[in-house]
Amino acid sequence: MNKQNQKQSEKTSAYSPAEVENRLYERWVEMGSFTGDVDSDKKSYTIVIPPPNVTDILHLGHALNNTIQDILVRRHKMQGYEAVWIPGADHAGIATQVIVEKQVAKEGTTRREMGREKFLERTSEWAYSNKDKILNQLKKIGCSCDWDRTRFTLDEGLSKAVFTVFKHLYQKGWIFKGHRIVNWCPSCQTSLSDDEIEHVESDSFLWYIKYKLKGSDEFLTVATTRPETMLGDTALAVSPKDTRYKKYIGKTIILPVLEREIPIVADSYVDPEFGTGVVKVTPAHDPNDFEIGRRHDLEEINILNINGSLNENAGKFKGLDRYEGRKQLLEELTKKGHLEKTEKYQLSAGTCYRCHTVIEPYLSDQWFVKMNELAQPAIDAVKTGKVRFHPDYWSKTYLHWMENIRDWCISRQLWWGHRIPIWYAEDGTVFVSDDRPTADECPGYDPESLVQDDDVLDTWFSSWLWPFSTMGWPDKTPELEMFFPTKVLVTAPEIIFLWVARMVMSSYEFMGKAPFSDVYIHGMVRDANGIKMSKSLGNGIDPLEIINKYGSDALRISLVLATPDGQDPWISKNTFEIGRNFINKLHQVSKFVMLRLDGRQAVIDSVDKNDLVIFDRWILSRLERTIESVDKAFSEFRLSTAAKTLYNFVWNDYCSWYIELIKPDTPGESIREGSLNVATYVLWKIISLLHPFVPFVTEHISLKLQGLDETSKTTLTSGNWPTTDGHFKDDGLEQDLNQIQTVVIAVRSVRSELNVPPGRKSDLYIRVNDEEFGDLLQDHIEYFRSLIRVENLYTGIDIKKPQLAASTVISGAEIFVPLEGLIDIDVERKRLEKELSNLSIQLNKVSNKLSNADFLANAPADVVEKENSKKSDYQQRIEKLNANLEQILGW
RNA sequence: GGGCAAUUAGCUCAGCUGGUUAGAGCGUUCGGUUCACAUCCGAGAGGCCACUGGUUCGAGUCCAGUAUUGCCCACCA
């Protein structure tokens, strides 16, 4: 910052958000602005928050996600809906347990040492305090959540919903226990569902291992990416069609190192084209091998412990970690001549979505939900448009997953979560109950002898009920009556399967209808280089830091402006300057209007239609168009477009043109009464339209404008969303204004390019094509005189060009700026030549078009007409420019 | 291997149903002590609209293909 700027900035009275934001938020909460009324006669509009994990801290993704929801909710409140936003948090089973386990590990103990009860107590304590922390952070960004209705997935009510659902599905036969290969995370030591796996490409190898045929010197070579699993091999398989290996089918092979005898089987799963055409079969550690094993009645040998180390079935490798075991096994194979070769190979390995450890396919007993039948109504819902995605292309992703849906593994080998409500008797009989069954519930058994399943349910098994469990289901509550179904779900693409799809399924099954009609999918926040922001990469930006620096409003509007509709925003720290600047602009122009009102009561809700000049009617026309555009953008879930429309209207139309035009020429003079009224009225509409985006500064201005202080119960939040009947919309008027603007811009341009000192005044001669244009200018010169420093304005069809004048040509007029002693002939000549050359290019284009017979024959008449008038306009302007050029060459 | 998206100014993006002098913000250059605002005001420079074909009187816009990038899905060891 140079000295001059420094001096300036000391003088400034820029808006300081920190002072007002906290106070205003508290005020809204106290006023009950965010509270939904179940007895309301209004139409409801409900959003349920995607519950943040209790392990989360607020990041920009949350900020964007919640800003969008807040905008939608606040706007609908203003539109007269009983709009409610139900907040809450998710217990985040794995993520939370992992964090607390790490904590206790540091203290030198383990969860098993602590025991279930104590560990859960500890986890609970941590989770609840963190939950409050993150929900408080949402308040910082201004979220208008109904905090009285805050829910947590482990709440009693929600737990009841989970149990009810489990029991229902169990009785229907859709929940079952299966002995299957599941995804096992050796680090979290639990199973995971297929959707919780992230595939990561990595450089690896394909190892070719020779298996010797029993009683022969022959061997078969097998290619594998996971050599250690050979310890669990119980067969080799070849394709029944593969002539190379036909003779070996049914023979016995010796498993290297372990020296176990295993059969060679034929299975059509094997692709003769791939690798060597021989597959090692490890039924306990590969889903395909599992299937082959079942078909051929093979033994299933598990070689892994739950932490991923090798177990007693691994022989001498017992106790080694899986990768260390692999290494030692490969050494041994090499030594014994069993390793034929090693090839580089691109491997796509499944990893845990929480800890990113490579998962192991692992054979175990787990609970599953059968999904096919649940999926059907959810498929229809999207196909028939009962649930719509925005942007629409996400429905393809959704449908693809739904139509290929697989059974959902819902048991997790964790403690933190909803414990599976299954009780086992010693003889294996099973009872479903959330608490220990009563004697009546388990006739013939001693309740005390029953043992509950150790595992808990997948976190998503509670969050898939969120849209109705938060409202008290399975009880019949007024909330369900009033607020269900919700309207729109706002989220990022990554949880379409994990969460969105499952909510649709559960809602149809348990509520008989879709949980929401619209799904708004917004982009994922990336850094300035397009890299996804993440804690581990350290490229994240802390929203709270931005709020402290620029204010919550700036954070919100910047995020929305920076997030292209349907795409990922790229965000850096200075992204937020645009919002800060805009908020300040809004604040400054409000200050100006109020300054001019000078303490008089602001008339905000009407204008005197008999006291309007052209500029007043123009800004009102522009306002109505803006309202229409904003409403249209909202109806298409194009929030960024809506924000940009308002941004441009405020900055360009309102501040740069309208306010500048109605400003009196001379200091101290007051603004025309009618115009000041319009300026106030439009400002009021502006802050109303912007309120959902930037609630704080708009509320602040609203109170000041109305002469109210913060004890007032008036709030924009329950105010009126501006509507329009199109009364002021006027094309002809906007065109007139456009002509005046063109003159202003042209004169400014001439003066600037000729380096006329900005303070220097001059006369202005305008030779118009018709007198109407001249009258328009003459009638309004007092308004735009100061914008272009005009002393005397002369207009007319026959206006003569002053001797020493700069000139420029616009549609319908020639403009002369007499500038004795200021014109550099060379500069002026170059200017004119440039204008000429531009116009010539345009003229060329139009002429070509018009000399094309096909164009004339096929294009609609109005298009041809338009081209014709363009042509004559260009020709006229070129003529005039030429004349002016000749004239200055005579100087 | 399949699918989805993107490709327009140095950067980030608009450009909706084909006819525009292809726009905005940031950045950049020049000028500015205009009494709301230097977080500002005014003016300028900057674009074979990824490529190749096609449809059409006319393509940034529609169609096909290619390339590049990103994301998702998938049991080929």
Side-chain angles (χ1 to χ4, degrees), chain A residues 4-5 7-9 11-15 181 199 206 222-226 237 269-271 273-276 278-282 286-291 348 361 391 393-394 396-397 400-401 404 493-494 496-497 524 526 528 530 532 550 554 561-562 564-572 574-575 577-578 580-585 587-596 632 636 638 640-641 644 647-648 655-656 659-660 663 667-668 745 748-753 755-759 786-787 789 838-839 841-842 845 849 852-860 862-863 866-867 870 874:
Chain A
Q4 197 188 342
N5 280 351
K7 222 162 130 194
Q8 285 292 347
S9 75
K11 279 203 291 186
T12 62
S13 44
Y15 174 62
I181 300 274
H199 289 269
L206 205 49
V222 175
T224 180
T225 55
R226 293 187 298 151
Y269 163 76
V270 180
D271 175 2
E273 303 295 316
F274 188 88
T276 61
V278 185
V279 176
K280 57 190 273 312
V281 184
T282 322
D286 184 281
N288 296 307
D289 293 7
F290 180 76
E291 295 300 322
S348 170
Y393 53 74
W394 289 112
K396 289 181 202 162
T397 306
H400 181 260
W401 183 81
N404 296 285
E494 58 201 2
I496 289 178
F497 308 142
M524 228 173 33
R526 298 170 179 282
K532 183 178 164 182
Y550 298 141
L561 285 169
D565 299 314
Q567 276 166 251
D568 294 342
W570 292 24
I571 290 174
S572 65
N574 46 14
T575 301
E577 286 172 12
I578 187 176
R580 181 221 24 201
N581 295 356
F582 181 59
I583 303 295
N584 184 54
K585 188 76 178 172
H587 179 251
Q588 293 299 343
V589 77
S590 310
K591 223 169 66 184
F592 173 78
V593 170
M594 288 184 264
L595 204 72
R596 292 313 179 113
K632 180 165 180 278
E636 295 165 351
R638 293 159 65 113
S640 187
T641 300
K644 272 176 197 155
Y647 180 97
N648 288 333
C655 292
S656 290
I659 293 292
E660 291 305 324
K663 259 186 197 172
I745 289 166
R748 280 172 173 171
S749 177
V750 166
R751 290 174 56 105
S752 174
E753 286 186 44
N755 294 315
V756 177
S786 59
L787 300 191
R789 302 284 160 143
N838 285 342
L839 279 171
I841 293 166
Q842 298 310 324
K845 274 196 202 166
K849 228 179 217 182
N852 180 346
D854 289 330
F855 173 73
L856 295 175
N858 292 305
D862 61 314
V863 172
K866 210 171 138 194
E867 293 300 313
K870 264 202 260 178
Y874 293 152

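Note that these values count all heavy atoms, side chains included, but never hydrogens, waters or copies made by symmetry. So that the names make sense, note that chain A is the first sequence line, chain B the second, and so on, each numbered from 1.
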Of all heavy-atom pairs between [X] and [Y], which one has the smallest distance, and what is that distance?
| X | Y | result |
| --- | --- | --- |
| A:I578 | A:Y647 | CG1-OH, 3.9 Å |
| A:A528 | A:S572 | CB-CB, 3.8 Å |
| A:S640 | A:L561 | OG-O, 3.5 Å |
| A:P361 | A:R226 | CD-NH1, 3.3 Å |
| A:T282 | A:K280 | OG1-NZ, 3.0 Å |
| A:R526 | A:K532 | NH1-N, 3.8 Å |

What's the gap between [N] and [M] when it is taken at their [atom1] atoms, as a whole Å value?
| N | M | atom1 | result |
| --- | --- | --- | --- |
| B:A5 | B:A43 | P | 40 Å |
| B:A74 | B:G3 | P | 15 Å |
| B:C62 | B:G10 | P | 24 Å |
| B:C48 | B:A9 | P | 8 Å |
| B:U55 | B:G15 | C1' | 22 Å |
| B:G19 | B:A6 | C1' | 27 Å |
| B:C71 | B:G31 | P | 45 Å |
| B:G27 | B:C41 | P | 12 Å |

Do [X] and [N] have a side chain to base donor-acceptor pair shorter than 3.5 Å?
| X | N | answer |
| --- | --- | --- |
| A:K396 | B:C4 | no |
| A:Q588 | B:A38 | no |
| A:K632 | B:C16 | yes |

Produce a footprint string for nucleotides 20-31 of chain B: one letter per nucleotide, 5' end first; B if the base is under 4.0 Å from any protein heavy atom, S if only the sugar-phosphate is, - if neither. SS---S-----S
Can you check each nucleotide of nucleotides 6-11 of chain B against protein heavy atoms at under 4.0 Å and return B for base, S for sugar-phosphate only, - for none, in 5' to 3' order? ------
Starting at the 5' end of RNA chain B, what dot-bracket string do you get if Watson-Crick and G-U pairs under 3.5 Å are bracketed, crossing pairs use [ ], other-strand pairs use | and unpaired bases use dots? (((((((..((((.....[...)))).(((((.......))))).....(((((..]....))))))))))))....
Nearest-angstrom distance from the residue atom [atom1] of [X] to [atom2] of [N]:
| X | N | atom1 | atom2 | answer |
| --- | --- | --- | --- | --- |
| A:F855 | B:G19 | CZ | P | 12 Å |
| A:L856 | B:G19 | CG | P | 18 Å |
| A:E273 | B:A77 | CD | P | 15 Å |
| A:E636 | B:G15 | CD | P | 10 Å |
| A:N288 | B:C76 | CG | P | 8 Å |
| A:E660 | B:C37 | CD | P | 11 Å |
| A:D862 | B:G58 | CG | C1' | 14 Å |
| A:K663 | B:G42 | NZ | P | 10 Å |

Just by distance, do the side chain of A:N404 and the backbone of A:H400 share a donor-acceptor pair under 3.5 Å?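 Yes, because the side chain of A:N404 sits within donor-acceptor range (under 3.5 Å) of the backbone of A:H400.
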Just by distance, do the side chain of A:S752 and the backbone of A:S749 share a donor-acceptor pair under 3.5 Å?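 Flag not set: sc A:S752 to bb A:S749 has no pair under 3.5 Å.
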Would you call A:L206 and A:T225 a side-chain contact if the rule is heavy atoms closer than 4.5 Å?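 Of all side-chain heavy-atom pairs linking A:T225 with A:L206, at least one is under 4.5 Å.
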Shortest side-chain distance from [X], nucleotide among [options]:
| X | options | value |
| --- | --- | --- |
| A:K591 | B:A74, B:A36, B:C57 | B:A36 |
| A:R638 | B:A14, B:G15, B:A77 | B:G15 |
| A:E753 | B:A74, B:G44, B:C76 | B:G44 |
| A:V863 | B:A14, B:C75, B:G19 | B:G19 |

Pairwise distance CG(A:L787) to NZ(A:K663) - rounded to 0.5 angstrom: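 Output value for this atom pair is 9.0 Å.
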In Å and rounded to the nearest 0.5 Å, what is the CG to CD distance from A:L856 to A:E867?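 Nearest 0.5 Å value for the CG-CD distance: 10.0 Å.
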Regarding [X], tell me which of base, sugar-phosphate or nothing describes its non-hydrogen contacts under 4.0 Å with the strands shown.
| X | value |
| --- | --- |
| A:R748 | sugar-phosphate |
| A:K644 | sugar-phosphate |
| A:P287 | nothing |
| A:P860 | base |
| A:A223 | base |
| A:R789 | base |
| A:N852 | sugar-phosphate |

Looking only at side-chain N and O atoms, does A:R751 come under 4.0 Å of OP1 or OP2 in B:A43?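 Answer is no, no contact under 4.0 Å.
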Tabulate protein N/O versus nucleotide N/O from nucleotides 67-72 of chain B, keeping only pairs under 3.5 Å, one per line.
none

Any donor-acceptor N or O pair under 3.5 Å, side chains A:Q842, A:N838: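 No, because no side-chain N or O of A:Q842 sits under 3.5 Å from a partner of the opposite role on A:N838.
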In terms of side-chain heavy atoms, does A:K585 have a donor or acceptor partner in A:Q588 at a distance below 3.5 Å?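 Side chains of A:K585 and A:Q588: no pair found under 3.5 Å.
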Under the ring-ring contact (aromatic ring centres under 6.0 Å, His included) test, residues paired with A:F497 that sit two or more places apart: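 In terms of ring-ring contact (aromatic ring centres under 6.0 Å, His included), with neighbours along the sequence ignored, A:F497 is linked to A:W401.
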Going by side chain to side chain contact (heavy atoms under 4.5 Å, CB included), A:V281 matches just one of A:N288, A:D289, A:D286, A:V270. Which one?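 By the side chain to side chain contact (heavy atoms under 4.5 Å, CB included) criterion, A:V281 pairs with just one of A:N288, A:D289, A:D286, A:V270: A:D289.
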Partner set under side chain to side chain contact (heavy atoms under 4.5 Å, CB included) for A:N852, not counting sequence neighbours: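 Expected list: A:D854, A:F855.
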Kindly determine whether A:V222 and A:V279 satisfy side-chain contact (heavy atoms from CB on, under 4.5 Å), including the steps that lead there. CA-CA 6 Å; A:V222 175; A:V279 176; 5.8 Å; no
